[in-house]
Amino acid sequence: IEIGEALIVYNIDSDVIKPALGDNAKELNKIRGKISELRDDPNATVHSVNISSYASPEGGWSYNLKLSKKRAASLLKWVKKNTRLNDVALSSDGYGQDWDRLTELLEQDSLMTFREREGILRIIRDTKDPDRRNARIREYKGGRTYKFMLAKYYPGIRRSEYRIEYTVPEFTIEKSREIYKTHPQTLSLAELYPLATASQPVRPAFTDILITAYRLFPGERVSNPKGAAARLMAGVTRRGHPYTRP
């Protein structure tokens, strides 16, 4: 499964996608590029593409829910038009105002005062009705905090997520070696490490494969020490190098 995010800019009250608006061209190319990468990979089979869209809390809940659904459908229509997905299951949905994302952004905030941030978080937490919640945030401290949030955080809430489901077959060592030359990102850790072992530690290929594993799976603990060892073998031992993190 490939999951990504795109910040598509729309005109107010519109679901029309305009590539020339803001960074839309870059964001749209990001989606198209990922789909094309998987479609052009002879070892991958794309099964489905789903688009989910979210709105920021301006306006009413019902209105934003409808708008987010329309924007998700509009983006899916663009994807279908600009990629080769005739034999792939396509779907879209909108989820309205994304209060969870706003909460995350506020919890990470370092510009507002502690009291100001906690005041907004308390309103979000204690006010169940979203329309009333939005009204209370607008009124908080005479609207000053709302204006800051509107400019700083709300644009990042108006987003779409794409989810691409695909499969790749389990590879033999020889097949993995062949795939590694052109599409290493389709190999799993369980396939990369046996490939590295089969390449023998004395060869440069061993180092290259382990470094690739570290880059593709930085959050996996098991890849870090192996990646560090590979860097040491390659002669890169300077203090603080990212490949030497535990």
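Residue numbers count from 1 along this sequence.
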Side-chain heavy atoms of [X] within contact of [Y], under 4.5 Å:
X   : Y   : answer
L85 : V49 : yes
Q97 : E58 : no
L90 : V79 : no
R39 : V88 : yes
V16 : S74 : no
D87 : V46 : no

Among side-chain atoms of [X] and [Y], is any donor-acceptor pair under 3.5 angstrom?
X    : Y    : result
S160 : S53  : yes
Y180 : D208 : yes
Y146 : R138 : yes
N64  : S62  : no
S52  : E161 : no
Y166 : D41  : no
S91  : N50  : yes
Q185 : E37  : yes

Does one hydrophobic cluster hold both [X] and [Y], with members joined at side-chain heavy-atom distances below 4.5 Å?
X    : Y    : result
Y54  : L7   : no
L111 : I120 : yes
L67  : W61  : no
Y95  : I124 : no
Y63  : I137 : no

Check this for me: does any side-chain nitrogen of one of [X] and [Y] sit under 4.0 Å from a carboxylate oxygen of the other?
X    : Y    : answer
D40  : R84  : yes
R101 : E5   : yes
K175 : E191 : no
D126 : R133 : no
E139 : R136 : no
D109 : R117 : yes
E165 : R163 : yes

About how many Å separate [atom2] of [Y] and [atom1] of [X], when rounded to the nearest 0.5 Å?
X    : Y    : atom1 : atom2 : value
K152 : M149 : NZ    : CE    : 13.0 Å
Q108 : E104 : CD    : CD    : 6.5 Å
S56  : L102 : OG    : CG    : 9.0 Å
D15  : K77  : CG    : NZ    : 9.5 Å
I51  : L76  : CD1   : CG    : 6.0 Å
K18  : N24  : NZ    : CG    : 10.5 Å

Stepwise, does the side-chain contact (heavy atoms from CB on, under 4.5 Å) test hold for M112 with L106? CA-CA 9 Å; M112 299 167 65; L106 287 169; 3.9 Å; yes

If I compare all heavy atoms of [X] with all of [Y], which pair ends up nearest, and what's the gap?
X    : Y    : result
G94  : L65  : O-CD1, 3.6 Å
A6   : I31  : CB-CD1, 3.7 Å
P42  : H183 : CD-CE1, 4.1 Å
Y140 : R115 : OH-O, 3.4 Å
L75  : I8   : CD2-CG1, 4.4 Å
S68  : G96  : OG-N, 2.9 Å

Mark yes or no for whether N134, through its side chain, and P130, through its backbone, hold a donor-acceptor pair below 3.5 Å.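 Absent.
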
D129 side-chain N/O to R132 backbone N/O, donor-acceptor pair under 3.5 Å: yes

Option among R71, R158, K70 that satisfies the side chain to side chain contact (heavy atoms under 4.5 Å, CB included) test with Y10: R71

Tell me if the CG atom of D23 is crowded by more than 12 foreign heavy atoms within 6.0 Å.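 At most 12 heavy atoms, drawn from other residues, nucleotides or ligands, come within 6.0 Å of this atom.
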
